[in-house]
Protein chains: 2
Amino acid sequence: MDTFAERTKRRLRDELLDAAYDALVAGGYDGLRMVEVGRRTGVSRQTVYNEFGDKWGLLEAVAAREAERFLVDVNDALAEQDDPIDGLRAAIERALVLAGDNPLIKAALGQPGSDQASQLLTTRGQQLLELSHQRLDAHVREHWPEVPAEDATTCVDVALRVVLSHIVNPGAAAAVVAEQVARVLGPFLTSRRQ
Amino acid sequence: MDTFAERTKRRLRDELLDAAYDALVAGGYDGLRMVEVGRRTGVSRQTVYNEFGDKWGLLEAVAAREAERFLVDVNDALAEQDDPIDGLRAAIERALVLAGDNPLIKAALGQPGSDQASQLLTTRGQQLLELSHQRLDAHVREHWPEVPAEDATTCVDVALRVVLSHIVNPGAAAAVVAEQVARVLGPFLTSRRQ
DNA sequence: ACCCCCTGTCCGATCTCTTGACATCTGTCA
DNA sequence: TGACAGATGTCAAGAGATCGGACAGGGGGT
């Protein structure tokens, strides 16, 4: 059952995340003020704590929502190709292009030595990797029937880490990186094909 | 200040009105079930009572909201004309056409001897008349500078009652009625012009 | 006469948010 | 260095709204 109270709760959470997102884009983790997030949403500071525990919890929630949206897009790119290697290339390119335009990522990796929030992409990147696996493995295992599941997951893992590295530390252009990775992983996939 | 709680309260009221509107259109006043309005909104029956007092109060609230929307449209028709008589004619025609298409009015005036809700258009029509005056007089007094305010109000009152009568008891086509009323009231407005 | 359904009311339990207070930490200014 | 402002994080009391269950009353149908 979908009660009004449940919908209201979801809406509150969503509006708080919107406010926090704006604050993060505007001023990074240090510029994020709990009292300001509450004020912008029309709610007390305590309510923000009730919902997210602490400031880092709020950051993680914003990042998780953003990552979900991000992955939907990447998954679409993956799904538009029939061949695994083509899918890999398309998804990687899409991910790098999206990341380059993403305001939250830009804010986290901004000039000043980088924001604390950037840790979610580096030293505290497990969550992001796990979430990405959950969202991408499902598709891969279903649509790459000729590749053993375990090998597909391995492949996704490698690609994921390379992409994440390129997001944090950009190298060549998106299309170039995508092509590189596809060329490197292609033989592996082909050799494992059943 | 626009707190989250206030917005939520308004949203609740609005969703309840939506549910009640649907129920009224589907089954008239007798088909309106308080428990059903609550269920559709995901809220208890008690909450519906807290918000509207009783069933008749809920009906009045639905009617009031609908009337507001209706009058915005009629007021637009009035405002599109420079000449008072043209405005009167346009507004009357618009009102009759809108009323003919309005699902709520259709339900209230449906075949079976007519619904209890129809009383809001007849024996309990004062509220509607007063609301209409509030919404229309403001425009008329501002945009008909050549007509004394009192006379403008009188004119609106007569037109309003004729229109309401035609809604409840349709006569000629909308355009014909509008022309009739304009022709009858025209000389009065002209004679009072300053 | 009986039953069922709906209206309308009451009240205690529960949940969420608010408010104010407090400890703690950090950066800044004198 | 010391005082101070501003931020995080925690706690408890209290207010407000909703829920759930119960009950009385009134029709309508069998």
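Below, chain A is the first sequence line, B the second, and so on; all start at residue 1.
- A straight line from CG of B:Asp30 to C1' of D:dG29 spans 15 Å, rounded to a whole angstrom.
- Within 4.0 Å (heavy atoms only), B:Leu58 reaches no atom of the nucleic acid at all.
- Taking atom NZ of residue A:Lys9 and atom P of nucleotide C:dC15, one finds them 12 Å apart after rounding to whole Å.
- Annotation: of the two residues near DNA chain D, A:Phe4 and A:Tyr29, the 5′-most nearest-nucleotide partner is A:Tyr29.
- Rounded to an integer number of Å, the gap from CG of B:Asp54 to P of C:dT9 is 7 Å.
- Qualifying salt bridge (charged side-chain N to carboxylate O under 4.0 Å, His left out) partners for B:Glu68, counting only residues two or more places apart in sequence or in other chains: B:Arg135.
- Put simply, A:Thr47 has no side-chain N or O that comes within less than 4.0 Å of OP1 or OP2 on C:dC17.
- Across all strands, B:Arg33 comes closer than 4.0 Å only to sugar-phosphate atoms, never to a base (heavy-atom distances).
- The neighbour count for A:Gln134 CD, taken as heavy atoms of other residues, nucleotides or ligands under 6.0 Å away, is above 12.
- With A:Asp18 as reference, A:Arg65 is the one residue of A:Arg65, A:Arg11, A:Arg40, A:Arg13 to meet the salt bridge (charged side-chain N to carboxylate O under 4.0 Å, His left out) rule.
- Atom pair B:Gln46:CD and C:dC11:P shows a separation of 12 Å (rounding to whole Å applied).
- Under a cutoff of 6.0 Å and an axis angle of 45°, A:Lys9 and A:Phe4 do not form a cation-pi pair.
- Looking at which nucleotide of DNA chain D each of A:Ala5 and A:Leu32 is closest to, the 5′-most match is held by A:Leu32.
- Nearest nucleotide to the A:Arg45 side chain, out of C:dT19, C:dA21, D:dT18: C:dA21.
- Rounded to whole Å, atom P of C:dG8 lies 16 Å from atom CD of B:Glu51.
- Using modelled atom types, one finds a donor on one side chain and an acceptor on the other under 3.5 Å when comparing A:Arg141 with A:Thr153.
- Atom OH of B:Tyr49 is separated from atom P of D:dC19 by 15 Å (rounded to the nearest Å).
- If you take CZ of A:Phe52 and C1' of D:dG9, they are 16 Å apart, rounded to a whole angstrom.
- Here C:dT9 presents its P atom at 10 Å from CE of B:Met34, a figure rounded to the nearest Å.
- When the nucleotides C:dT18, C:dG8, D:dT18 are ranked by their closest atom to the side chain of B:Lys55, C:dG8 comes out on top.
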